[in-house]
Amino acid sequence: MLNAIILAALVKINLECDSPWVATSLFAGLTFVMSLMFGYPFLASLIGTAINIGLGFFYFWLLKKTESSSSWWAVMIIGIFVFLGLGFL
């Protein structure tokens with residue numbers, strides 16, 4: 001449930017900002033801090049954060065590129081399933 005709320009907030013931030021890097025950096029920073037809080041090893045947290053930076057930037061960039069078209073909803077729904085399926089690495 002928390003993942004869905006965070007993702008919805010980041011999508012809203014992405015819509016308001018000009019660059020997908022804002023939402024990506026917030027997403028990556030949050031996943032890094034949460035992984036350390038849950039006791040993951042530091043190296044695993046770094047690797048998970050690097051993966052989240054790549055996936056997050058691609059997702060938020062696609063949302064930005066398709067913002068004014070009907071394919072925005074397809075990107076949105078596919079991204080929801082991917083990120084909620086993966087959870088926070």
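- Applying the side-chain contact (heavy atoms from CB on, under 4.5 Å) rule to I47 yields the partners L43, I51; only residues at least two apart in sequence or on another chain are considered.
- Atoms OG1 and CG, from T24 and L26 in turn, are 9.0 Å apart once rounded to the nearest 0.5 Å.
- Under the 4.5 Å side-chain heavy-atom criterion for grouping Ile, Leu, Val, Met, Phe, Trp and Tyr, I6 is not connected to L36 through any hydrophobic cluster.
- Separating the OG1 atom in T31 from the CZ atom in F27 is a distance of 5.5 Å, to the nearest 0.5 Å.
- Shown here are the ring pair (Phe, Tyr, Trp, His ring centres under 6.0 Å) partners of W72, two or more places apart in sequence or in another chain: there are none.
- The hydrophobic cluster containing M37 also includes V33, under a criterion of side-chain heavy atoms closer than 4.5 Å among ILVMFWY residues, counted directly or through chains of members.
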Under the side-chain contact (heavy atoms from CB on, under 4.5 Å) criterion, do F81 and I78 qualify, and how do the steps go?
CA-CA 5 Å; F81 285 121; I78 291 169; 6.0 Å; no

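- Here salt bridge (Lys or Arg N to Asp or Glu O under 4.0 Å) pairs that include residues 17-42, with residues two or more places apart or in two chains, number zero.
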Check residues 8-17 and write down every donor-acceptor pair under 3.5 Å in which the side-chain atom is one partner and the other belongs to a residue at least two apart or another chain.
residue	atom	partner	partner atom	Å
K12	NZ	E16	OE2	3.2
N14	ND2	F60	O	3.2

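- Here the OG1 atom belonging to T66 is positioned 9.5 Å from the CH2 atom belonging to W61, to the nearest 0.5 angstrom.
- Nearest heavy atom pair, residue L63 against residue V75, reads CD2-CG1, 3.8 Å.
- For S71, the side chain to side chain donor-acceptor pair (under 3.5 Å) partners two or more places apart in sequence, or in a different chain, are S69.
- Under the salt bridge (Lys or Arg N to Asp or Glu O under 4.0 Å) criterion, the residue pairs touching residues 39-66 are K64-E67, with sequence neighbours excluded.
- Residues passing the ring pair (Phe, Tyr, Trp, His ring centres under 6.0 Å) test with F42 are F32, sequence neighbours excluded.
- Within the structure, salt bridge (Lys or Arg N to Asp or Glu O under 4.0 Å) contacts touching residues 22-44 (residues at least two apart or in different chains) do not occur.
- Residues passing the ring pair (Phe, Tyr, Trp, His ring centres under 6.0 Å) test with Y59, sequence neighbours excluded: F83.
- Contact record, I53 with A28: CG1-CB, 3.4 Å, taken as the closest heavy-atom pair.
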